[in-house]
Amino acid sequence: ATMWTDSVMLAGLTLTAIFVSHTAGVSAPGRPRLTGCRSPEKETFTCWWEPGDDGGLPTTYALYYHLEGSETVYECPDYRTAGKNSCFFSKNNTSLWVNYNISVVATNAMGSSVSEPVDVDVVYIVQPNTPEDVRVLVVDDDPGPYLHVSWEKPLAADTQSGWITLVYQLRVKETSQDTWEEYNAGMQKGYNIFSLLSGREYAVQVRCKPDHGFWSEWTSPAYVQIPDYMLREHSMWIIVAVFAGFLLFVLTWTVNVKRSSVKHCLLPPVPGPKIRGFDPHLLKSGRSEEMFSALVTQHFPPTSSYDDLLVEYLEVYDVEKQELVLGVKNEDPLAPTRTSDNDSGRGSCDSRTLLTERYAEDGDKGGADRQLGQCVAELASPPLEEEKVEAWSTPFSPPPLHLQRQQVGGARAAYHSVLEIPCDSPCAPGSYGHQGESDISKPGGRGASTTLAEPQAQSAEYVEVQTVDHENVLLLRPLADPGGPDVDYAGEDYSKIRDVIPDNVLLLQREPSAWPCAADPGQDRGERSCPTALQELMQPCKPPGPLQQGLRLVANGYVDASAMLC
Amino acid sequence: LLVFTAACLLCLLRGSVALPLNCADESSSPVPCTSISQDKLLDRVTQHAEFIYRITEEVCNQYEELYIPYPLRGLKNQGGGTCTSMSFPNLGSKTEIQQISDMRLLHYMLILAQSWVEPLTYLQSSLKNNDHAPDTLVSQLKWVSDKLTRLEQGVVLLISMEEGGAAPPPAALQQALSEPQLGVPDSIFHEYNSLMCLKKDAHKMETLLKLLKCRQTDRLSCTL
């Protein structure tokens, strides 16, 4: 009975103990697990394990191993070097090309448990340490700076004897970005990285791997700042752009300043109708009196006083190169200057053809006289000054004539056409004057010849008045007429004033022959050194040519005289 | 993918690696071959060893994936026995190996290479006979066998270059390796063990040759 009670009591105690222990939470440890083994240099290795449930009691762990082909079980020689839950195998305890069969046992008060065994061959578990001494240098170069990364082999790796061969890898990334750029560096311990952006910060990491094994961990990142730089091409383009912008600005400003003249150039203003002498500004001002007075002061409307009328051109037709009468050119300072000596621009009075038409129409000299008279009147318009005119010792003895010093400045070539004054046959020196006088004395008309003939196309000769010297001699110079007859003047040509007809008409005479003395305009008058000229004047004039024309003057100062004056 | 990689490697290797072995044909008595420098020969032999290891690793991985369940991978079965090289315990650490002379290392490698000629033949026939093995495995093993033969010849040449004479290998060495260790594989595990041993030995040879390379020449890869 006591034995039974003892066993019952024992069983009860055990049960109680178990019950108590369970309620307290303690048990045998759970199975640990070997997480891995690694050899950093193919000479030593370390194994790590993961403890299982410790069962609430302090648990100890032990690692046991045996080599393949041997039954001897060894315990881990070093639990400390590699840290907690690890076993470090030193060089003496490491054999290569041999499988290790390793297992871990966890033991506590309640019991023990064994992990799964693991077979390990050291040569297959090589994972080196990280490379050492990573340095990053920024190197300045031509297009832009680049990075030079350098490092050292990991400690304890024996590459020198060839025991272990390492290859390296590095990666770069901009600190703000997420993706890495990887580069394989082979077995070298330096690398250059190009084409990095200016002003950015980059991070660089390096790792290594043996020829047969695992990659090491990445080194801690090395940070580097790329300095600000401008690509040479960019700076060149920037300079070009700035320069072009500046030019554009200058151009725009110039155009803006000169916009009126640019507009004038590009869009020339269409000339509106303009009446000479009509000032639209006066019209705008609204003062009609001034406007009309302005009109009056011009040659419009034509007034009875011919003082203001223009005499611009006198045409002299050289019928036989003799006895030409020189007209005087008057210039109206207000009128536009006519430098051309062609027929264009003449008014109705100018046109010889028109006149002849008129003559044809009118038939007789009556109408022509009137026309001529009118034209002659124009000729007489220039006011005369108090200058003496050389009086020729001619039977005519013209009264002193006041000749206005014409505006024959050296710069302006004064064209003169030689008047042809009709010369009746027989033509005598005396008869002319009479004739001329008689003609001219007619009121309103003068100088008209009895016979008027169709003006033929005579070769008009133009002479150029160079100066009027102080003795009132017009010093002329013939113009070279390309189409006309040869000018056979030896030098300067002088025309003498033959007579002054009433109403201020100058009768000039041209010497019939070349003068034996060619006088320069600057010298004395020719008549002094060539007294023979006078005698020539006395000569009876040759019978006039078929042209018997009166002295005709047309408007604008052209004298269309085809008559000859002996 | 693995098969493809292995095939590519084979194609590359066939074209690139070639040992000049004309030297042996020139005369009846073994004369040091002077048509290739020792450095270059060593380079070539090392290359052979590297390739052999790579292909053997491929074969092993393929075999494991095909036939070996995961928990049993890497384990040596009882039926497989131990690898041949296990009989040389003094070749288990760097310190030990560094104490061995160049000549002895070369001798060792020669014997090692020679010891695998026969087992490789067996492996190939075993894999062919069993229809389970893919053709690539067999061809790869064939390739390994060829390269191993050439490696052996290269080592012979290197030995002849060393110390001016082809000294016969130590008797102890020869005896140890002449015993058949593996025998004809008659099971998958046997095959697997055999392949594992081959892989190990290939790795050993590669390591030893690289060590030898850095010993004999001043190479940048060693001093850097």
Side-chain angles (χ1 to χ4, degrees), chain A residues 34 37 39-45 66-71 89-103 116-126 131 150-153 156-168 185-190 208 210-213, chain B residues 42 46 49-50 53-54 56-57 60-61 70-78 80-98 112 181 193 196-224:
Chain A
L34 275 163
C37 298
S39 168
E41 76 289 77
K42 215 156 65 171
E43 297 170 49
T44 65
F45 73 105
H66 68 93
L67 295 171
E68 89 180 280
S70 164
E71 294 299 326
F89 295 80
S90 62
K91 283 187 191 179
N92 295 334
N93 299 313
T94 308
S95 299
L96 299 165
W97 299 293
V98 169
N99 275 17
Y100 280 73
N101 191 298
I102 302 168
S103 53
E116 289 275 347
V118 163
D119 259 334
V120 170
D121 191 340
V122 178
V123 293
Y124 296 143
I125 55 163
V126 181
S150 65
W151 57 86
E152 289 302 320
K153 67 169 178 65
D158 184 11
T159 54
Q160 190 163 6
S161 67
W163 179 245
I164 190 167
T165 312
L166 293 173
V167 291
Y168 299 96
M187 293 199 288
Q188 63 203 38
K189 296 203 184 67
C208 58
D211 42 9
H212 305 293
Chain B
L42 197 52
T46 313
E50 281 174 353
Y53 174 76
R54 225 174 274 172
T56 312
E57 189 181 33
C60 282
N61 291 340
Y70 188 75
L72 298 172
R73 286 184 190 174
L75 286 176
K76 275 286 178 61
N77 270 32
Q78 297 298 320
T82 60
C83 295
T84 314
S85 57
M86 281 303 295
S87 56
F88 287 92
N90 58 344
L91 280 175
S93 71
K94 183 181 117 177
T95 44
E96 288 170 359
I97 292 166
Q98 279 180 333
L112 199 57
Q181 299 284 329
N193 285 340
M196 295 291 281
C197 284
L198 178 63
K199 183 176 150 190
K200 203 165 288 202
D201 285 347
H203 191 280
K204 191 186 287 188
M205 270 195 284
E206 189 189 332
T207 308
L208 291 175
L209 279 165
K210 282 182 176 170
L211 207 66
L212 215 61
K213 221 163 73 161
C214 282
R215 268 197 213 174
Q216 291 195 343
T217 61
D218 292 329
R219 290 184 187 266
L220 285 174
S221 58
C222 304
T223 53
L224 274 176

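Residue numbering restarts at 1 for every chain, and letters A, B, ... go by the order of the sequence lines.
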Contacts of type salt bridge (Lys or Arg N to Asp or Glu O under 4.0 Å), residue B:Lys94, not counting sequence neighbours: A:Glu43, A:Asp158
In Å and rounded to the nearest 0.5 Å, what is the OG1 to CG distance from B:Thr207 to A:Leu96? 8.0 Å
Distance from B:Lys213 atom NZ to A:Thr165 atom OG1, nearest 0.5 Å? 8.0 Å
For chain B, which candidate among A:Ile164, A:Val123, A:Thr94 shows the most heavy-atom pairs at distances under 4.5 Å? A:Val123
Let me know if A:Ser161 has heavy atoms under 4.5 Å from chain B in its side chain, its backbone, both or neither. both
Residue among B:Leu208, B:Thr95, B:Leu211 with most heavy-atom pairs under 4.5 Å to chain A: B:Leu211
So which part of A:Asn92 gets closer than 4.5 Å to some heavy atom of chain B, the side chain, the backbone, both or neither? neither
Closest heavy-atom pair, A:Gly162 versus B:Cys214, reported as atoms and distance to 0.1 Å, is CA-SG, 3.5 Å
Spacing of A:Trp163 atom CH2 and B:Ile97 atom CD1 [to the nearest 0.5 Å]: 4.0 Å
Output all residues satisfying salt bridge (Lys or Arg N to Asp or Glu O under 4.0 Å) with B:Lys210, sequence neighbours left out; order by chain, then residue number. A:Asp211, B:Glu50, B:Glu206
Report yes if some heavy atom in the side chain of A:Asn99 is under 4.5 Å from a heavy atom in the side chain of B:Lys200; otherwise report no. yes
